[in-house]
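Notes follow the structure.
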There are 2 protein chains.
Amino acid sequence: MSRVINFSAGPATLPVSVLEEIRDEMMDFKGSGMSLLEHSHRGAEYTEVHETATALVRELFAVPDTHEVLWLQGGASGQFAMVPMNFLGGGVADYVDTGSWSKKAQVAAGFYGKPRYAATGKEGERYVRAPQKLDLSADAKYVHLTSNATIAGVQYHSFPEVLSSGTAAPLVADMSSDMLWRPVDVSKFSLIYAGAQKNLGPAGVTLAIIEKSLMAKGNQELPEMLRYDFIASKGSTHNTPPVFAIYAVGKVLAWVKAQGGAAAMEKRNRAKAEMLYGTIDGNAEFFRCPIEKASRSVMNVVFNLPTPELEKAFLDEGKKNGLVNMKGHRSVGGIRISMYNAMDPENIQTLTAFMKDFAAKNG
Amino acid sequence: MSRVINFSAGPATLPVSVLEEIRDEMMDFKGSGMSLLEHSHRGAEYTEVHETATALVRELFAVPDTHEVLWLQGGASGQFAMVPMNFLGGGVADYVDTGSWSKKAQVAAGFYGKPRYAATGKEGERYVRAPQKLDLSADAKYVHLTSNATIAGVQYHSFPEVLSSGTAAPLVADMSSDMLWRPVDVSKFSLIYAGAQKNLGPAGVTLAIIEKSLMAKGNQELPEMLRYDFIASKGSTHNTPPVFAIYAVGKVLAWVKAQGGAAAMEKRNRAKAEMLYGTIDGNAEFFRCPIEKASRSVMNVVFNLPTPELEKAFLDEGKKNGLVNMKGHRSVGGIRISMYNAMDPENIQTLTAFMKDFAAKNG
């Protein structure tokens, strides 16, 4: 079948050239007479894949020498547990509530200390903003926020000023759904983590960028696998890493670099967002985005149509036109368009043309 | 390059037909217009992949209704922590020491209680047997053993009788390197776990088969991601699973089924072991296997040549003949031939012919 336009929130669409490379290398990786899947994780071939991916992270994120790059398993949910296990020690931590995922992170921390909410983006039943005003504790071990709420469609476009004032606790950010959407000043964060399956590649690996000084303060009374400092000391090959996922993320990062890096991604993503939100706002009676303008996500665009019946018709007709996975998360309903780095701007043109046509016919 | 014969200890050789299927499906999974890597883990396509893989585990291992099948992340090392976190609760557990991996499991358990050794397979500096005589505690929360020690080349061909007497504590087995090498009576085990990258598929997923009654006794004061019962309640899709790894393991399992299942694997593996150990014993002055006959691994065959120089020459000449990754683990040296389920018996014929020839020329 010809390729569809896939707006899935993650796992999500990948660059076609990356998929083609994976396909072409599957039987014989670089003339080694075997697939990369069959290579030892201690061998020269995989070591190069691993180190190249790590170097690309350092380059594309401009990671300073103060920070380490780690490849982990277990997804962001694994980090919800590992962060407090390492750094909470029965103390207080400030969590910012911007949706389901930030809530899950806070709940997990409850087993290791006293996580509290420093702010919420909720208004009534719905998350509508990424809160700027934070009520921080004096003794917080860290502040945790979710940079982009995939379900709610709420994103931080600038992080709260207080966090970069230098007096605040270490800043920990779950960037699973917007990692590398644009350049980020890594030095402002003590820990950034992200499941790969949205903006970075396929599912199966979790990228972390962690400040060495935070890592050094981690709980030492933990099994090796759960200590950031131990994992860093072994270059993330303390045990068998998820070879294929790191290999594929490396290819996506190389693709990002070829496009012009993080700055080019920002340009690309802003252009897509402008097109889509422009279409929504240009037909504001028909397409209704419930998110405050300053917090509207560039990655996951949520909106409603006038009735559930029209939403169903929109999804059905979209599918017939090769526009798939546009249904909002079951907890909020409506429409959700996920358009991570790999989503081609041309596809958003196709989508907005479809939207305008649908609105004209049904408005 | 033409395909080499890859004796890597893991990640390891895979069936060529599996690699071909993965390659052929990479760009368009079953006519869906996208790669499986791009499909939502909640969508119909991945759900079928996930459920098919789970059903194949149940079928090939004849998993009884008393047990659940789980797909986890973090490898066996992750389980070294998760097992005591769930089931030790400050108490005593009996660990059987058959090599580096069982030691790591015991060390990790030390953070959650009092793990002790019920036996060791070590004699002098070397592991030589899978101990049958266990000194069990009366109050152990569980007994933990490693069914096959990948580095030492030591394997349990029959498990200690005391463990199935009905009076013993729950039996937990790390079967990372010999899972599914033959039929196993799952009912004897309360928990079996295995990193996939040896006998089951590529790296990136950990298979667990756990008794429901054990799971129900798990520590509830843990984040969801670390609780077996929670993961089971969500069918291992509590968060995004490692989609590609489960997909590939599913294909390997389908291949095992097509070959005739676990019984056919046993026949195949015994034939390979007979050929290889026969060659070793037939040239016992030249090839020296330090493992007691009853504990010799069918998966990882370790042996020495008369001198380190001859071992180096063996590896070099082997490589020239397309026989690669035969070097023993750096901690023990010598030669190691790993030949998991996917290793074709014909390749062992090629190897033994090479060995005989090498011994004749250099003996």
Side-chain angles (χ1 to χ4, degrees), chain A residues 1-4 6 8-14 16 19-20 22-24 26-28 31-35 37-41 43 46 73-78 80-81 104 107-108 111 195 197 201-205 221-226 238-245 248 322 324-325, chain B residues 1-4 6 8-14 16 19-20 22-24 26-28 31-35 37-41 43 46 73-78 80-81 104 107-108 111 195 197 201-205 221-226 238-245 248 322 324-325:
Chain A
M1 166 168 190
S2 67
R3 193 161 164 84
V4 296
N6 171 22
S8 173
T13 200
L14 293 168
V16 170
L19 295 170
E20 285 170 345
I22 293 172
R23 176 198 62 195
D24 294 345
M26 187 53 65
M27 302 308 295
D28 183 8
S32 61
M34 65 177 95
S35 176
L37 300 179
E38 303 172 300
H39 271 287
S40 166
H41 62 295
Y46 177 70
Q73 293 187 64
S77 299
F80 298 168
K104 278 176 193 271
V107 169
F111 295 101
Q197 69 275 8
V205 68
E221 297 299 310
L222 288 173
E224 293 178 341
M225 270 292 290
L226 297 168
H238 46 294
N239 71 343
T240 314
V243 166
F244 176 80
V324 306
N325 290 329
Chain B
M1 161 165 195
S2 67
R3 193 161 163 84
V4 296
N6 172 21
S8 174
T13 200
L14 294 168
V16 170
L19 295 169
E20 286 170 344
I22 293 172
R23 176 197 61 194
D24 294 345
M26 187 54 65
M27 301 308 294
D28 183 7
S32 61
M34 66 178 92
S35 175
L37 300 179
E38 303 173 298
H39 271 287
S40 166
H41 61 295
Y46 177 70
Q73 292 187 64
S77 300
F80 297 168
K104 279 177 194 270
V107 169
F111 295 101
Q197 69 274 7
V205 68
E221 296 300 311
L222 288 173
E224 293 178 341
M225 270 292 289
L226 298 167
H238 47 294
N239 71 344
T240 315
V243 166
F244 176 80
V324 306
N325 290 328

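Just so it is clear: chains get the letters A, B, ... in the order the sequence lines come, proteins before strands, and each one is counted from 1.
For the residue pair Gly74(B) and Asn239(A), the shortest heavy atom distance occurs at O-ND2, 3.1 Å. Counting all heavy atoms, side chain and backbone alike, Met34(B) lies closest to Arg3(A) at CA-NH1, 4.1 Å. Minimum heavy-atom separation, Ser32(B) to Val4(A): O-CG2, 3.8 Å. The two residues Met26(A) and Leu19(B) come nearest to each other via the heavy atoms CG-O, 3.6 Å.
When the candidates His238(B), Glu20(B), Gln73(B), Glu38(B) are compared by the number of heavy-atom contacts under 4.5 Å with chain A, Glu38(B) comes out ahead. The greatest number of non-hydrogen atom pairs below 4.5 Å with chain B, out of Val107(A), Val243(A), Asp24(A), Leu14(A), is found for Leu14(A). No other option in Ala81(B), Ser77(B), Pro242(B) has as many heavy-atom pairs under 4.5 Å with chain A as Ser77(B). The candidate from Leu222(B), Val205(B), Asn325(B) with the greatest count of non-hydrogen atom pairs under 4.5 Å with chain A is Leu222(B). Contact count versus chain B (heavy atoms, under 4.5 Å) is highest, among Gly43(A), Gly204(A), Ala12(A), Gly75(A), for Ala12(A).
The contact between Leu226(A) and chain B is made entirely by side chain atoms (from C-beta outward), counting heavy-atom distances below 4.5 Å. Heavy-atom distances place the backbone of Ser2(A), and not its side chain, under 4.5 Å from chain B. Using a 4.5 Å cut-off between heavy atoms, Val324(A) touches chain B through its side chain atoms alone. With a 4.5 Å cut-off on non-hydrogen atoms, Glu221(A) touches chain B through its backbone and its side chain both. Only the backbone of His39(A) comes within less than 4.5 Å of a heavy atom in chain B; its side chain stays farther off.
Once rounded to the nearest 0.5 Å, the distance linking CZ of Phe111(A) with CD of Glu224(B) reads 7.5 Å. Note that NE2 of His41(B) is 8.5 Å distant from OG of Ser8(A), once rounded to the nearest 0.5 Å. Distance CD1/Ile22(A) to CZ/Arg23(B): 14.5 Å, rounded to 0.5 Å.
Here the side chains of Pro11(B) and Thr240(A) are in contact, with some heavy-atom distance below 4.5 Å.
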